[in-house]
Amino acid sequence: MIIVSAGLFKDCGRCFKSSSIVGVGLGDTLAYHHTYKINQVSFSSSIPSSYYCCATLSKTMEEAKQTFDVDKAAVLVKELRKTFSSGKTKSYEWRMSQLESISKMIDEKEKEIIEALHKDLSKPELEAFISEISMTKSSCKLALKELKHWMMPKKVETSMATYPSSAKIVSEPLGVVLVISTWNFPFLLSLDPVIGAIAAGNAVVLKPSEIAPATSSLLARLLVEYADESAIRVVEGAVAETSALLEQKWDKIFFTGGARVGRIVMTAAAKHLTPVTLELGGKCPVLVDSNVDLQVTARRIVAGKWACNNGQACIGVDYIITTKDFAPQLIDALRSVLEECFGKDPMESKDRSRIVNSFHFMRLVNLLDEDKVSDKIVVGGQRDRSHLQIAPTILLDVPDDSRIMQEEIFGPLLPITTVEKLEDAFDMINRKPKALAAYLFSDDEQIERKFVQNVSAGGIAINDTILQLTVPTLPFGGVGESGMGSYHGKFSFDAFSHNKAVLYRSFAGESPTRYPPYTPGKQKQMKALISGDVFNIMLALLGWFKD
């Protein structure tokens, strides 16, 4: 007997418990009613139209009975706490050894990683290397290079009230942390936060996405081989396994996914007051001025949409806003670049990833086939369900209340909305929930300043797309519904660390001023010290204020 286990996602996410499941396989329709119950908090509802289920064919009924449950999760956390309590993971030597092992793993298993990514998403080899392997390796190299500096206590100034004294900020690991990753960049988005957690000295559990099973399986196998199993574990699975993990007390939960499931993760964490980093998503806008280099602009938009996991990226281009007069030129330029990149028949191109599964494929088709949307297609629109492919598709002026303009698209569909003047776009963007990224193409410095000042997003790039992700000195994270917290580079280390304040004092410099009884003279001296007024401080030190 085949069991179908469902994972709820809004683009990047998953669900955590389900019931009333009717399914006949990956290629056919599934109907679900979900009941979520995590840490005694229940959520029960049918899935709204903007959220869809991804089914993963599981094992046989007998094998499913041996699933990773709450008891096994508790044992796992207990074992990792024992390792962390021993102090093993806190040492510089351990952290370096684990980072070196992961770097070695990436080098030695590059071919297997590329093969797994191709099985899960049909990722072109070069794209897989650049966006997943190379970026993960760069994170590892930076941590290896900077770890000693990151770990070093930072001296800070003290106040006159504590004179004589010194103070430091000491970074300490949070403890035992959980990383729940996603399917669209299943290697990078699994290991990048794990690298930060290891660099900070934590014990880690990684839960890869079951929607990318080949990469999940590979990570589970490789980390056993290359990493310290007493402190770094991988838990594979879907709904039941994630639910069991979320029942446990963690010292930090790092989740990459959709806003809906982000709320569920946050609810589970709230029971234990566990801090969370939520890397979510949103509708990332691109504002295009008419004074741009049109060829360069078109290329960079294509790179940030269709050459980035075929639109299945949380920072990918979601929609364009430009002026009515300029839209025809922009569409022609995009059409030309698409043909240059993917040929006259893009459905035959081997340089685009496929849609992750048939459910996501049908979700995108439904967005295209909605009333008042299907007749707005100006480029593309072809689809092939058997190969899970949809051609790069551009739509012009679809209604703002259509689902394609209300939901994060997460696929190769690109609506273009027109305005009379570019400044009108700012209000249009700000009416929507805050996105993970916002992009502007313009040669006008005044427009650039207004865009940076008035558009709120997790990050912004001017005259390019997605490249802000590659700058390790910039934090990567969302704001509002696109997430909370950030990582990358030193920010990854900080995400899994506690900055402990430490004040050092000697037994010298003792003053009776701070101790009762608080006579009038003592009060004046204390007020002078606290105020920081140099003249009054000198009077206080000279004993000028008398009772």
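- Sorted by first and then second residue, the pairs that involve residues 411-423 and meet side chain to side chain donor-acceptor pair (under 3.5 Å), not counting sequence neighbours, are K324-T418, D397-T418, K421-D424.
- For the pair Q312 (side chain) and R354 (backbone), a donor-acceptor distance under 3.5 Å is present.
- Taken to the nearest 0.5 Å, the OG atom of S131 stands 7.5 Å off from the CG atom of L188.
- Side-chain contact between L388 and S358 is present, with heavy atoms from C-beta onward closer than 4.5 Å.
- For the pair E247 (side chain) and A244 (backbone), a donor-acceptor distance under 3.5 Å is absent.
- Listed for the S336 side chain is no donor-acceptor partner under 3.5 Å among the backbone atoms of D332.
- Between atom CZ of residue F476 and atom OG of residue S486 there is a gap of 10.0 Å, rounded to the nearest 0.5 Å.
- Atom CD1 in I114 sits 4.5 Å away from atom CD in E125 (nearest 0.5 Å).
- In terms of heavy atoms, E132 sits closest to P186 at OE2-CD, 3.4 Å.
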| task | Show your reasoning for whether side chain to side chain contact (heavy atoms under 4.5 Å, CB included) applies to M347 and I390. | result | CA-CA 7 Å; M347 300 293 281; I390 298 174; 5.9 Å; no
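- No more than 12 heavy atoms of other residues, nucleotides or ligands sit less than 6.0 Å from atom CE of M266.
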| task | Run the numbers on F255 and W250 for ring pair (Phe, Tyr, Trp, His ring centres under 6.0 Å), then give the verdict. | result | CA-CA 13 Å; F255 169 76; W250 303 91; over 10 Å; no
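- Distance check: C314 SG to L469 CG gives 7.5 Å after rounding to the nearest 0.5 Å.
- Under the 4.5 Å side-chain criterion, counting only non-hydrogen atoms from C-beta, L191 is in contact with L223.
- Contacts of R300 classified as side-chain hydrogen bond (donor to acceptor under 3.5 Å, both in side chains), with partners at least two apart in sequence or in another chain: none.
- Put simply, OG1 on T393 and CD1 on I409 are 10.5 Å apart, with the number rounded to the nearest 0.5 Å.
- For residues 309-321, the salt bridge (Lys or Arg N to Asp or Glu O under 4.0 Å) pairs, not counting sequence neighbours, are K283-D318.
- The side chain to side chain donor-acceptor pair (under 3.5 Å) analysis of residues 462-471, with sequence neighbours excluded, yields the pairs Y439-Q468.
- Here the options are L368, V398, L413, the test is side-chain contact (heavy atoms from CB on, under 4.5 Å), and the partner is I377; only L368 passes.
- Between the side chain of Q295 and the backbone N or O of A333 there is no donor-acceptor pair closer than 3.5 Å.
- At distances below 3.5 Å, not a single donor-acceptor pair connects side-chain atoms of W183 with backbone N or O atoms of E210.
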| request: Dump the intermediate steps for side-chain hydrogen bond (donor to acceptor under 3.5 Å, both in side chains) on K252 and T277, then the final yes or no. | output: CA-CA 8 Å; K252 178 71 178 275; T277 293; 3.0 Å; yes
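- Ring-plane geometry between Y487 and F254 is classed as perpendicular, the angle between the planes exceeding 60 degrees on a 0 to 90 degree scale with a lower cut at 30.
- When only modelled atom types and interatomic distance are considered, D384 and H387 share a side-chain donor-acceptor pair under 3.5 Å.
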| request: Go through I462 and I460 one step at a time and tell me if the side chain to side chain contact (heavy atoms under 4.5 Å, CB included) criterion holds. | output: CA-CA 7 Å; I462 307 295; I460 283 175; 3.8 Å; yes
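- Put simply, the side chain of N430 gets close to the backbone of N454: a donor and an acceptor are under 3.5 Å apart.
- Residues E241 and D69 are not in side-chain contact: their nearest non-hydrogen atoms beyond the backbone lie 4.5 Å or more apart.
- Looking only at atom types and distance, the side chain of S190 has a donor-acceptor partner in the side chain of S181 under 3.5 Å away.
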| task | Applying side-chain hydrogen bond (donor to acceptor under 3.5 Å, both in side chains), run through D120 and T215 and close with a yes or a no. | result | CA-CA 7 Å; D120 287 330; T215 307; 2.7 Å; yes
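- K123 forms no cation-pi arrangement with F129, by the criterion of a distance under 6.0 Å to the ring centre and an angle within 45° of the ring axis.
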| request: Give the intermediate values and the outcome of salt bridge (Lys or Arg N to Asp or Glu O under 4.0 Å) for residues E370 and K376. | output: CA-CA 10 Å; E370 186 181 2; K376 302 294 185 179; over 6 Å; no
| request: Dump the intermediate steps for side chain to side chain contact (heavy atoms under 4.5 Å, CB included) on Q406 and K432, then the final yes or no. | output: CA-CA 8 Å; Q406 295 298 315; K432 297 183 184 296; 4.3 Å; yes
| query | Would D371 and R403 count as a salt bridge (Lys or Arg N to Asp or Glu O under 4.0 Å) if you check the C-alpha gap in whole Å, the side-chain angles of each, and the deciding distance to 0.1 Å? | reply | CA-CA 10 Å; D371 290 344; R403 283 175 45 211; over 6 Å; no
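- In summary, of the residues considered (V292, D289, N291), a side-chain contact (heavy atoms from CB on, under 4.5 Å) with F326 occurs for V292 alone.
- Formation of a donor-acceptor pair under 3.5 Å by the S482 side chain with backbone atoms of G478 is not found in this model.
- Within a 6.0 Å sphere centred on NZ of K119, other residues, nucleotides and ligands contribute 12 heavy atoms or fewer.
- In this structure, a donor-acceptor pair under 3.5 Å is absent between the side chains of E448 and S442.
- The backbone N or O of P213 lies less than 3.5 Å from no partner atom in the side chain of S217, so there is not a single donor-acceptor pair.
- Taking 4.5 Å as the limit, every side-chain heavy atom of R352 sits out of range of all side-chain heavy atoms of S122.
- Nearest heavy atoms, K207 versus G237: NZ-O, 2.9 Å.
- Side chain of D444 to backbone of Q446: a donor-acceptor contact under 3.5 angstrom is found.
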| task | Any chance you could lay out the side chain to side chain contact (heavy atoms under 4.5 Å, CB included) test for L246 and I180, step after step, and finish with the verdict? | result | CA-CA 10 Å; L246 284 174; I180 304 173; 4.1 Å; yes
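- A donor-acceptor distance shorter than 3.5 angstrom exists from the side chain of R383 to the backbone of G381, with no hydrogens or angles considered.
- For I331, the side chain to side chain contact (heavy atoms under 4.5 Å, CB included) partners two or more places apart in sequence, or in a different chain, are R335, V378, V379, L396, I416.
- Interatomic distance, OG of S209 versus CZ of F185, reported as 13.5 Å (0.5 Å rounding).
- Counted by atom type alone, E236 and S216 present one or more donor-acceptor pairs between their side chains at under 3.5 Å.
- Counting non-hydrogen atoms of neighbouring residues, nucleotides and ligands closer than 6.0 angstrom, the CG atom of D345 exceeds 12 such neighbours.
- Not a single salt bridge (Lys or Arg N to Asp or Glu O under 4.0 Å) links K434 to another residue, sequence neighbours left out.
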